[in-house]
S.K.: 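If you scroll down you'll find the structure; I have some questions about it.
A, B, ... follow the sequence lines: proteins, then strands. Residue 1 opens every chain.
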Number of protein chains: 2
Amino acid sequence: MKRGLSDACNLFFLTLSNPTRLAILELLRQRDMSVTEITTALDQEQSMISHNLTPLVRCGLVFVEQHWKERIYSLNHETMEPLFQIMSDHFDRYCAKKAGEINCTTTTKKLANI
Amino acid sequence: MKRGLSDACNLFFLTLSNPTRLAILELLRQRDMSVTEITTALDQEQSMISHNLTPLVRCGLVFVEQHWKERIYSLNHETMEPLFQIMSDHFDRYCAKKAGEINCTTTTKKLANI
DNA sequence: TCTTCGTATGAGTGTAACATCATATGAAGA
DNA sequence: TCTTCATATGATGTTACACTCATACGAAGA
């Protein structure tokens, strides 16, 4: 990562650090969806979904296409699948998972390598 | 990414969505450093660096070891290098970079694939 | 053109994260 | 034990983000 991209990274990760947007990404991982479908699936306000879709599109994490009256959102699988994989690997290796709670035990290198 | 890890992902990305912490990660990418070294290199307050190191360690993005009076922080290369790579690829493919500003042009799938 | 559907946008408000300042802790040497 | 160095912690004011509510916009059908 070259210098000067920090702002972009910041925005990228800021976009990802939101429960609603993460839920949208998980949904779109399964299949493309319209705003109404996402709204229904997540049982949230339509305006909230729209507001959260905006930064996802702006960062290129999801794409959007107009189909008749609907706007169909789709995941950027090329970026997101490897990202999901890294997350999964990281949590497996460095964080103890028990019953939904996250508890990183990596305070030292030695502990981390166990 | 299995369900239930959303909170962990949220925390993970929240930790990454901060200019100071991103700068620390870029620094540690080069070599291990003490708090004082990081503070000097980034020309910031020591307490600020300490405050920002805490979440990085908690998420397992950096490790820490005590060496005499100093605490040496090191990057979790195993997680961070592939992450840096994804970011780099993503920006190359989906975002127009010009002179430090970020400008994603991916409003539709077709545009994105150009 | 009037209505309905699907979606986006804007204003207002509460909350959470951040930087800062001050202080505490802990280890090592004098 | 007193001082100094290295780092961590706590409290506080401000900023920025996210949710909600209301409304606007655009497309398609009647």
Side-chain angles (χ1 to χ4, degrees), chain A residues 6-25 27-28 32-59 61-74 102 104 106-109, chain B residues 6-25 27-28 32-59 61-74 102 104 106-109:
Chain A
S6 284
D7 285 352
C9 286
N10 199 348
L11 185 63
F12 185 93
F13 291 125
L14 188 65
T15 299
L16 286 166
S17 63
N18 174 284
T20 303
R21 289 193 287 272
L22 284 173
I24 291 174
L25 291 172
L27 259 186
L28 294 181
D32 302 354
M33 282 189 175
S34 70
V35 177
T36 300
E37 283 176 311
I38 299 171
T39 299
T40 303
L42 297 182
D43 192 26
Q44 300 288 338
E45 295 246 340
Q46 177 270 321
S47 66
M48 181 184 170
I49 300 301
S50 258
H51 276 302
N52 279 294
L53 281 168
T54 302
L56 288 173
V57 171
R58 183 162 32 112
C59 284
L61 298 175
V62 308
F63 307 120
V64 57
E65 277 185 324
Q66 190 86 27
H67 278 180
W68 301 96
K69 297 206 288 188
E70 298 181 338
R71 309 194 77 195
I72 305 298
Y73 286 85
S74 60
I102 187 73
C104 284
T106 54
T107 50
T108 73
K109 218 174 215 172
Chain B
S6 283
D7 285 352
C9 286
N10 200 349
L11 184 63
F12 186 93
F13 290 126
L14 188 64
T15 299
L16 286 167
S17 63
N18 176 283
T20 304
R21 290 193 285 273
L22 284 173
I24 292 174
L25 292 172
L27 261 185
L28 295 180
D32 300 357
M33 283 189 174
S34 70
V35 176
T36 300
E37 285 176 309
I38 299 171
T39 299
T40 303
L42 297 183
D43 191 29
Q44 299 287 340
E45 296 244 340
Q46 176 271 320
S47 65
M48 183 185 171
I49 300 301
S50 256
H51 276 302
N52 279 294
L53 280 167
T54 302
L56 287 173
V57 171
R58 184 161 32 113
C59 284
L61 298 176
V62 307
F63 307 119
V64 56
E65 277 186 324
Q66 191 86 27
H67 278 180
W68 301 97
K69 296 206 292 188
E70 299 180 335
R71 309 194 76 194
I72 306 298
Y73 286 85
S74 60
I102 187 74
C104 283
T106 54
T107 50
T108 72
K109 219 174 212 172

S.K.: Determine, stepwise, if the pair A:D32 / A:F63 fulfils side chain to side chain contact (heavy atoms under 4.5 Å, CB included).
M.R.: CA-CA 10 Å; A:D32 302 354; A:F63 307 120; over 6 Å; no

S.K.: Using a heavy-atom cut-off of under 4.0 Å over every strand shown, decide if B:S47 touches base, sugar-phosphate, or nothing.
M.R.: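 It contacts base atoms.
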
S.K.: Under 4.0 Å, counting only non-hydrogen atoms across every strand here, what does A:S50 touch: a base, just sugar-phosphate, or nothing?
M.R.: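 Base: the residue A:S50, judged by heavy atoms under 4.0 Å, touches a nucleobase.
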
S.K.: Rounded off to whole Å, could you give me the CG-to-C1' distance for the B:L56 and C:dC18 pair?
M.R.: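 So the two atoms are 14 Å apart, to the nearest Å.
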
S.K.: By nearest atom, which of the nucleotides C:dT20, D:dC21, D:dA28 is closest to the A:W68 side chain?
M.R.: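 Of all the options, the side chain of A:W68 is nearest to D:dA28.
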
S.K.: Over all strands shown, is B:L14 touching base, sugar-phosphate only, or nothing at heavy-atom distances under 4.0 angstrom?
M.R.: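 Sugar-phosphate only.
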
S.K.: Under 4.0 Å, heavy atoms only, any strand: does A:Q46 hit a base, just the sugar-phosphate, or nothing?
M.R.: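 It contacts base atoms.
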
S.K.: Between A:N52 and B:M48, who's closer to the 5' end of DNA chain D by nearest nucleotide?
M.R.: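 Here B:M48 is the residue nearer the 5' end.
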
S.K.: Between B:H51 and A:Q66, name the one whose nearest nucleotide on DNA chain D is closer to the 5' end.
M.R.: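 Its nearest nucleotide being more 5', the pick is B:H51.
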
S.K.: Taking only the side-chain nitrogens and oxygens of A:Y73, find out if one of them lies under 4.0 Å from OP1 or OP2 of C:dG6.
M.R.: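 Answer no for this pair, as no side-chain N or O of A:Y73 is under 4.0 Å from OP1 or OP2.
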
S.K.: Between A:T54 and C:dA8, is there a contact of a side-chain N or O with OP1 or OP2 at under 4.0 Å?
M.R.: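 It does not, given that no N or O in the side chain of A:T54 lies less than 4.0 Å from OP1 or OP2 of C:dA8.
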
S.K.: Donor-acceptor pair, A:N10 side chain versus A:S6 backbone, under 3.5 Å?
M.R.: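 A pair under 3.5 Å: no.
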
